[in-house]
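As structure tokens, the structure follows; a few thoughts come after it.
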There are 2 protein chains.
Amino acid sequence: MARAGLTTDLVVAAAADLADESGFDNVTLSALARRFGVKDASLYSHVRSLQDLRTRVALLAGGELIDRIAAAVAGRAGMDALVAFAGAYRAYALEHPGRYAATQIRIDQALIADSPAMRRTAEITYGMLRAYGLGEPDLTDAVRLLRSTFHGYCALESAGGFGADRDVQASWDKAVEALHLALTHWPRETKNDD
Amino acid sequence: MARAGLTTDLVVAAAADLADESGFDNVTLSALARRFGVKDASLYSHVRSLQDLRTRVALLAGGELIDRIAAAVAGRAGMDALVAFAGAYRAYALEHPGRYAATQIRIDQALIADSPAMRRTAEITYGMLRAYGLGEPDLTDAVRLLRSTFHGYCALESAGGFGADRDVQASWDKAVEALHLALTHWPRETKNDD
DNA sequence: GGAGTAGCCTAATCATATTAGGTACCGAGG
DNA sequence: CCTCGGTACCTAATATGATTAGGCTACTCC
């Protein structure tokens, strides 16, 4: 019986593909084993547990996502950068629903902290906001607003939460524009705004 | 052996409580049966399936959420209403994480359509936005922006997604303020904005 | 070419969902 | 009071999936 030649990376990649095809919740060790023509138990040589597998997929997806965003944002600033950031974010979420869903799971904070993807994400996000001239704590508030809106929009959209006729892309563009506006006229901590 | 005296409503309510305590994903028929001191199979007299149970919890939570929001928004307008809406939304999400998580699941569109909660939610949301004087399609875009931000923020917050020191309530207040600002200076469809 | 290890397997256990069919308790009508 | 029907709950069985323990075998390296 020829071996499947599995490695941890292969298994995680296959799990990510499976997630995109069948939904992150349907990523099961059995399904994965079936896909490789292997027994369930064999996968335990490569991942510690289902939990471990999911965490690995989440980290993979997080890395891919920020790479896409970084590429899109490179060389841009201001609203240009914001639009590119938003576009790359949503495109990834729509192209890879399973991988994107993986990024939403609760992960051990320690694991996140030393993941390079996380650092990179913070760098790029704060870098993009530099053009708006915000200082702390407004900067953190703004980052939270952006993350929330992007994430919320993509989550609702891929859950079929937007029932109205209105074109979803058009609403997205408008939302990004509105966020740019909010960032431009940000209500600063110090009372003398503008 | 005394009967537990179950009904569908009791089972669903218990499932909602269980969700808040242990997480929506840990709502299992076995756990629920255990809580009632009953066998798993017995629950099938009251709910059709696990799927059915989850849908019922989702509808329950959706109804509770919009009731809270309606009460908070009543008699307010403009930014006042927006702040009240946002506050009630987030309070519910934080007080009832399991129920709130339930509202995020994919539900048969038909079921949603004729749920009174859904109609009520639309009414109240659009009503709240009336003060901003938006017309379609801006109104729909604005509703999508609000829903996305509120949902995204609560989802990230309860997933422990906000690592920075900055007070989470303060960021929320600022986000709501920023949204108010965006709504006030909304980039309208017609080109002559402002 | 022999030893070691990595990759895969069998077998077993446990939790959970779900179905089929049985039993017992409840209140209503005779 | 007693029986009758339905409802609430049960037992039993099947299936899927996670997980562990322990074994076999085919490459790899010396």
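Bear in mind the structure is a predicted one, so any value in this text is a computation, not a measurement. By convention in this document, chain letters (A, B, ...) are assigned in the order of the sequence lines, proteins followed by strands, and residues within each chain are numbered from 1.
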- [ ] Quick one: list whatever passes side-chain hydrogen bond (donor to acceptor under 3.5 Å, both in side chains) with B/Ser30, sequence neighbours left out.
- [x] B/Asp40
Task: Distance in angstrom units between A/Leu53 CG and D/dA18 P, rounded - done: 10 Å
TODO: Take nucleotides 10-20 of chain C nucleotide by nucleotide from the 5' end and write B, S or -, depending on whether a protein heavy atom sits under 4.0 Å from the base, only from the sugar-phosphate, or from neither.
DONE: BB----SSBB-
Task: Single hit among A/Val143, A/Leu145, A/Thr149 for side chain to side chain contact (heavy atoms under 4.5 Å, CB included) with A/Arg147 - done: A/Val143
TODO: Indicate yes or no: at least one non-hydrogen side-chain atom of B/Phe85 is less than 4.5 angstrom from one of B/Arg76.
DONE: no
Open item on the list: Under the side-chain hydrogen bond (donor to acceptor under 3.5 Å, both in side chains) definition, can you give me all pairs with a residue in residues 92-104 of chain A, not counting sequence neighbours?
Closed with: A/Asp17-A/Arg99, A/Asp20-A/His96, A/Asp20-A/Arg99, A/Glu64-A/Tyr92, A/Glu64-A/Arg99, A/Arg68-A/Glu95, A/Tyr89-A/Tyr100, A/Tyr100-A/His151
Open item on the list: For A/Tyr153, give me all partners under ring pair (Phe, Tyr, Trp, His ring centres under 6.0 Å), at least two apart in sequence or on another chain.
Closed with: A/Phe162, A/Trp172
Open item on the list: Taking atom CD as the centre, does A/Glu21 end up with more than 12 heavy-atom neighbours from other residues, nucleotides or ligands that are less than 6.0 angstrom away?
Closed with: yes
Task: Presence of B/His46 side-chain N/O under 4.0 Å of D/dT7 phosphate oxygens OP1/OP2 - done: no
Open item on the list: Could you check whether any side-chain N or O of A/Arg120 sits under 3.5 Å from a backbone N or O of A/Gly63, counting only pairs where one atom can act as donor and the other as acceptor?
Closed with: no
- [ ] Report the distance from atom CG of A/Leu6 to atom C1' of D/dC27, rounded to the nearest whole Å.
- [x] 15 Å
TODO: Output all residues satisfying side-chain hydrogen bond (donor to acceptor under 3.5 Å, both in side chains) with B/Ser148, sequence neighbours left out; order by chain, then residue number.
DONE: none
Open item on the list: Rounding to an integer number of Å, can you tell me how far A/Arg35 CZ sits from D/dG17 P?
Closed with: 14 Å
Open item on the list: Can you give me the bend angle of the helix from C/dG1-D/dC30 to C/dG30-D/dC1? Use the axis through the first five pairs and the one through the last five, nearest 10 degrees.
Closed with: 10°
Task: Separation of atom CG in A/Leu32 from atom P in C/dC8, rounded to whole Å - done: 12 Å
